[in-house]
Amino acid sequence: MIILPTFFKNESAALASSGLLLLTLTATGCQSASEPSEAIVSQPTSTSATAISTDISQQTLKQQALRIQRALANKDFARITDDIHPTRGVRFSMYAYVRPESDKVFNRAQYAQYLQQSDIRFTWGEKDGSGEPLIIPLPEYLDTWVKAKTFNDATLSVNEFQKSGNSINNLNKIYQNSDVVEFYYKGSDEYSGLDWRVLRLVFDEYQGKRYLVAVVNDQWTV
């Protein structure tokens, strides 16, 4: 039997111990270090992509709303026909409180028809204060009540209401899954801002595209 000196015994033990430690780090340490690294990288990337997608979606919606507002302001009413929802049509509400039972709703064909037949008058609702019914043709309603030219320099917001009057705003209740672009005109100094007005364009998605389902006005009421 060969007896090794004490020096060689200690060296062998040290080498065996170092090998075991290296094996342990290789099997466990590297794996645990890589997992948090992957999580840190992937989480912000996903959040960032979602934010960018939301921004692009809102920007596209604003552009569509602006195009509709400009067409109405220029009295090019027929130009928005293709923006009207193919199955639901478009609703017109005189004030913030949407009235499903009495508001006028036109499908695309009706909208185009009544633009041409300007002798046909509709009862749109009652004027605030006097209670008198507003009975006028569709083109006149778009020109004098929707009055889109007022909003050429308005402040825009998406799914956010910038101004509310005494009339109850039930838009979120009636159109729970819709997107709303609001145009807010703050009013003039001459009338201390009491002549403020709001135009809300409501959109629903259909077969991958957004369409106009409601045109809602709001203003100061007694």
Side-chain angles (χ1 to χ4, degrees), residues 42 45-118 120 122 124-125 137-139 141-143 145-152 154-162 168-184 198-218:
S42 63
T45 302
S46 177
T47 303
S48 177
T50 302
I52 292 172
S53 177
T54 300
D55 289 343
I56 293 174
S57 178
Q58 288 199 358
Q59 188 61 32
T60 302
L61 182 60
K62 280 185 178 181
Q63 289 175 354
Q64 183 178 7
L66 276 168
R67 180 170 52 77
I68 292 172
Q69 181 270 327
R70 291 289 189 269
L72 296 176
N74 295 328
K75 299 184 181 182
D76 191 3
F77 304 137
R79 190 176 179 182
I80 75 165
T81 304
D82 289 341
D83 288 289
I84 295 174
H85 198 284
T87 61
R88 300 183 62 182
V90 59
R91 174 191 308 278
F92 293 96
S93 294
M94 286 180 61
Y95 297 105
Y97 191 79
V98 178
R99 301 178 184 275
E101 70 283 354
S102 59
D103 286 339
K104 291 293 171 286
V105 180
F106 303 112
N107 61 34
R108 287 181 177 180
Q110 292 169 332
Y111 178 83
Q113 175 187 351
Y114 296 132
L115 285 180
Q116 299 297 323
Q117 298 176 333
S118 56
I120 299 178
F122 299 93
W124 302 92
L138 174 59
Y141 179 86
L142 294 172
D143 184 28
W145 192 267
V146 174
K147 212 172 182 178
K149 192 174 182 179
T150 305
F151 307 100
N152 281 346
T155 304
L156 268 70
S157 63
V158 177
N159 297 326
E160 179 183 349
F161 301 127
Q162 304 170 79
I168 297 173
N169 181 356
N170 66 339
L171 196 59
N172 285 338
K173 181 178 179 181
I174 303 300
Y175 294 99
Q176 296 182 11
N177 300 313
S178 304
D179 289 308
V180 181
V181 178
E182 180 176 283
F183 295 76
Y184 168 52
V198 164
L199 173 65
R200 298 182 180 116
L201 302 182
V202 187
F203 296 87
D204 268 2
E205 189 171 313
Y206 179 74
Q207 295 183 349
K209 292 184 178 181
R210 287 193 180 100
Y211 292 97
L212 186 66
V213 292
V215 177
V216 181
N217 288 91
D218 196 7

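From a predicted model like this one, the values you see are computed outputs, not experimental measurements.
- Within the structure, salt bridge (charged side-chain N to carboxylate O under 4.0 Å, His left out) pairs that include any residue of residues 59-76 comprise R67-D83, K75-D143 (at least two apart or interchain).
- Remark: F161 engages no residue in a ring pair (Phe, Tyr, Trp, His ring centres under 6.0 Å) (not counting sequence neighbours).
- The two atoms that bring A65 and V181 nearest to each other are CB-CG1, 3.6 Å, heavy atoms only.
- Within the model, atoms CH2 of W124 and OH of Y141 stand 6.5 Å from one another, a figure rounded to the nearest 0.5 Å.
- Here the CG-CZ distance, from L72 to F77, works out to 6.5 Å after rounding to the nearest 0.5 Å.
- Residue L138 holds its CG atom at 5.0 Å from CG of L115, rounded to the nearest 0.5 Å.
- No side-chain donor-acceptor contact under 3.5 Å links Q58 to the backbone of V158.
- In this structure, CD on Q207 lies 8.5 Å from OG1 on T87, to the nearest 0.5 angstrom.
- Contact record, R210 with S57: NH2-OG, 2.6 Å, taken as the closest heavy-atom pair.
- For the pair R79 and I68, the minimum side-chain heavy-atom distance is 4.5 Å or more.
- Distance CG/L212 to CZ/R88: 11.0 Å, rounded to 0.5 Å.
- Heavy-atom contacts from other residues, nucleotides or ligands closer than 6.0 Å to CD of Q113 number more than 12.
- Evaluated for a ring-ring contact (aromatic ring centres under 6.0 Å, His included) with F122, the options F92, Y114, W145 yield exactly one hit, Y114.
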Discussion item. For a side-chain hydrogen bond (donor to acceptor under 3.5 Å, both in side chains) check, start with the C-alpha distance between Y175 and R91, then their side-chain angles and the critical distance, and finish with the verdict.
Written reply: CA-CA 11 Å; Y175 294 99; R91 174 191 308 278; 2.8 Å; yes
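- We find the CG-CZ distance between N159 and F203 to be 11.0 Å, quoted to the nearest 0.5 Å.
- Test V98, N217, N169, V215 against R200 for side chain to side chain contact (heavy atoms under 4.5 Å, CB included) and you get one pass: N169.
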Practice prompt. Start with the C-alpha gap between F183 and L156, add the side-chain angles, then the distance that decides, and say whether side-chain contact (heavy atoms from CB on, under 4.5 Å) holds.
Written response: CA-CA 5 Å; F183 295 76; L156 268 70; 3.5 Å; yes
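- Counting heavy atoms from C-beta outward, L199 and V146 have side chains that approach closer than 4.5 Å.
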Worksheet item: When you look at V198 and E182, which way does the side-chain contact (heavy atoms from CB on, under 4.5 Å) test go after all the steps?
Response: CA-CA 7 Å; V198 164; E182 180 176 283; 3.5 Å; yes
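- The shortest non-hydrogen separation linking S118 to P137 is O-CG, 3.0 Å.
- Within the structure, side-chain hydrogen bond (donor to acceptor under 3.5 Å, both in side chains) pairs that include any residue of residues 94-111 comprise S93-D103 (at least two apart or interchain).
- Using a 4.5 Å heavy-atom cutoff, the side chains of K209 and P86 are not in contact.
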